[in-house]
Every structure is written in C-alpha cells, then in structure tokens.
Amino acid sequence: MKLPKHFYLRPDVAEIARDLVGKSLFTNTNGRVTGGMIVEAEAYCGATDRACHAYKNKCTDRTKVMFDAGGIAYVYLCYGIHCLFNIVTNSEGHADAILIRAVEPTHGLDVIRMRRNSDSRSVNLTSGPGKLTKALGIDLMHNGADLTQDQIWIEDSGITFSSDHIVSTTRIGVEYSGIDAFLSWRYYIKNNKWVSKP
DNA sequence: GTGCGGATGAACT
DNA sequence: GTTCATCCGCACT
C-alpha cells in the first residue's frame with residue numbers, strides 16, 4: 001500500500017505533485033496513527049525555480065536534505081512558528097520537493113482535534129500547510145525521514161481523480177519570485193472543501 | 001556577530 | 001483587512 005521508492009525518484013516534480021493529489025499521508029507518533037488524503041500540493045524545483053529554497057542548487061544546512069534521493073521528508077520552520085512539510089523527489093543531486101498544503105483528515109480524528117486544540121468546524125483542522133503539520137504531529141524531527149518506513153509515510157488511497165477534477169494554478173505566497181511566481185505548479189481537487197483558502 | 005524577513009495562522013478591529 | 005506571534009537561516013560585516 002505504501003508508495004514505492006521509484007514513485008518519488010521520477011525527474012518531473014510537477015507530475016509527481018499532481019500524482020500525489022488523492023494519495024494518503026499518515027503519521028505514527030507514539031502509537032497514535034493519524035492520516036488524511038492529500039487535496040492540495042505544490043511543486044518546487046531547486047535548479048531553476050526562484051521560489052525554491054534551493055534555487056540555483058544552493059546547498060545549505062537547511063536545504064541539503066532536498067539533494068538526497070527522493071522519498072524522504074523535508075520539514076522546515078516558517079515564520080519561526082510553523083513547520084511546513086515537503087516531499088523530496090528526483091534522484092540524488094536534484095533538489096526538488098513538493099509542499100503539501102492541505103489534507104482531508106481520514107484517520108485519528110480524535111487525536112487530530114486534540115492536537116489542534118479546537119472544537120471549531122472540522123474543515124479548519126487541516127486546510128493549510130501549517131495546520132496539517134500540527135494536526136498530524138509533524139515537526140522538525142521528521143526532517144529527512146524515509147517515507148517508506150513506519151513513522152511517516154504515503155499510501156495509495158485507492159481513489160483516483162480524473163484530470164477534470166484536478167485543478168492547477170499558481171502557487172501561494174511566492175509573489176517575490178518573479179517570473180517563476182507564474183508557474184502553474186499548485187494542484188488541488190476541484191470543489192474540495194478541505195483545500196486551503198488563501 | 002548582527003540584522004532582516006519568511007512557501008502562515010489566529011485573533012483582533 | 002490588519003496585526004502579531006516567534007526564531008532560524010542566511011547574507012551581510
């Protein structure tokens with residue numbers, strides 16, 4: 001059921017981002033399993049993409065995990081507060097990654113609600129990149145984690161969406177990146193209420 | 001060593 | 001619509 005390594009090793013990061021929409025993301029923290037279906041994802045390409053932290057293949061302590069072979073997690077701290085979860089793709093030496101921006105919670109709703117400390121409308125639980133990491137208990141400890149192991153992983157949900165139901169648009173929050181801000185590398189499920197609302 | 005700002009979210013007015 | 005929480009990475013000196 002877990003997606004195999006070769007799924008992540010393909011060279012076209014935008015294609016993989018699209019393929020990830022509809023797949024299921026799981027975590028297991030201290031025996032508490034939580035999971036949800038990916039409904040929104042964005043592709044970032046290190047070599048050519050100004051919006052990517054590893055633009056021009058810039059390798060630093062933070063970005064070095066993106067240069068590893070695909071199928072591992074890239075988690076970083078944003079605004080000093082939020083952990084954002086990415087999936088590293090492509091073969092070793094290519095710094096490509098896919099930001100997961102929203103999931104539809106499917107497993108461990110009680111734990112998710114507790115982590116989100118919220119009894120508000122459930123649609124708010126995981127509809128954003130910082131929200132879903134908190135809901136699924138993803139933090140900096142997961143940086144570099146192998147997505148084919150048992151701490152954090154991705155499964156084929158068995159659900160497939162036709163191309164009519166997957167929309168592509170420009171990415172969120174990358175206005176600073178000039179021409180690359182216009183790349184349509186954000187993919188999400190049409191009319192799905194769990195997609196983030198920028 | 002220092003300073004700036006970010007792939008956001010929540011709580012305000 | 002606006003504000004602010006909160007801290008590391010990174011580009012300088």
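So that the names make sense, note that chain A is the first sequence line, chain B the second, and so on, each numbered from 1.
Using a 4.0 Å cut-off, no side-chain N or O of A:Lys134 falls inside it from OP1 or OP2 of B:dT8. OP1 or OP2 of B:dT8 has at least one side-chain nitrogen or oxygen of A:Tyr79 nearer than 4.0 Å. Side-chain nitrogen and oxygen atoms of A:Tyr176 include at least one within less than 4.0 Å of the OP1 or OP2 phosphate oxygen of B:dA7. Between A:Thr60 and the phosphate of C:dC10, there is a side-chain N or O to OP1/OP2 separation shorter than 4.0 Å. Put simply, A:His53 has a side-chain N or O that comes within less than 4.0 Å of OP1 or OP2 on B:dA7. For C:dA11, the OP1/OP2 oxygens have no side-chain nitrogen or oxygen of A:Arg62 closer than 4.0 Å.
Look at CG on A:Asp49: it is 11 Å from P on B:dA7, rounded to the nearest Å. Distance, A:Asp61 CG to C:dC7 P: 20 Å, rounded to whole Å. Regarding A:Leu84, its CG atom lies at a distance of 16 Å from the P atom of C:dC8, rounded to whole Å. Rounded to an integer number of Å, the gap from A:Lys56 NZ to C:dC10 C1' is 15 Å. Taking atom OH of residue A:Tyr44 and atom P of nucleotide B:dG6, one finds them 14 Å apart after rounding to whole Å. Nucleotide C:dC10 holds its P atom 11 Å from the NZ atom of A:Lys64, rounded to whole Å. Between A:Tyr187 atom OH and B:dA7 atom P there is a gap of 20 Å when expressed in whole angstrom units. Atom CE of A:Met141 is separated from atom P of C:dC8 by 15 Å (rounded to the nearest Å).
Side chains of A:Thr126 and A:Arg116: a donor-acceptor N/O pair is absent below 3.5 angstrom, by distance only. Residues A:Asn28 and A:Gln151 bring no donor and acceptor atom of their side chains to less than 3.5 Å of each other.
Between A:Pro129 and A:Glu40, the closest side-chain pair of non-hydrogen atoms is not below 4.5 Å.
Each of A:Leu140 and A:Ile81 lies near DNA chain C, and the nucleotide nearest A:Ile81 is the one positioned closer to the 5' end.
Residue A:Lys58 is classed as a sugar-phosphate contact, given heavy-atom separations below 4.0 Å to backbone atoms only. A:Gly80 comes within 4.0 angstrom of a nucleotide base, judged by non-hydrogen atoms across all strands.
Side-chain atoms of A:Asn124 lie closest to B:dA10 of the nucleotides C:dA11, B:dT8, B:dA10. For A:Lys131, counting side-chain heavy atoms from C-beta on, the closest listed nucleotide (C:dC8, B:dA7, B:dA10) is B:dA10.
The ring of A:Tyr76 has its center closer than 6.0 angstrom to the ring center of A:His53. Ring to ring, A:His94 and A:Phe67 are not that close: their centroids are 6.0 angstrom or more apart.
In a base pair of the Watson-Crick type (N1 to N3 plus N6-O4 or O6-N4) or a G-U wobble (N1-O2 and O6-N3), with each distance short of 3.5 Å, C:dT3 is matched with B:dA10.
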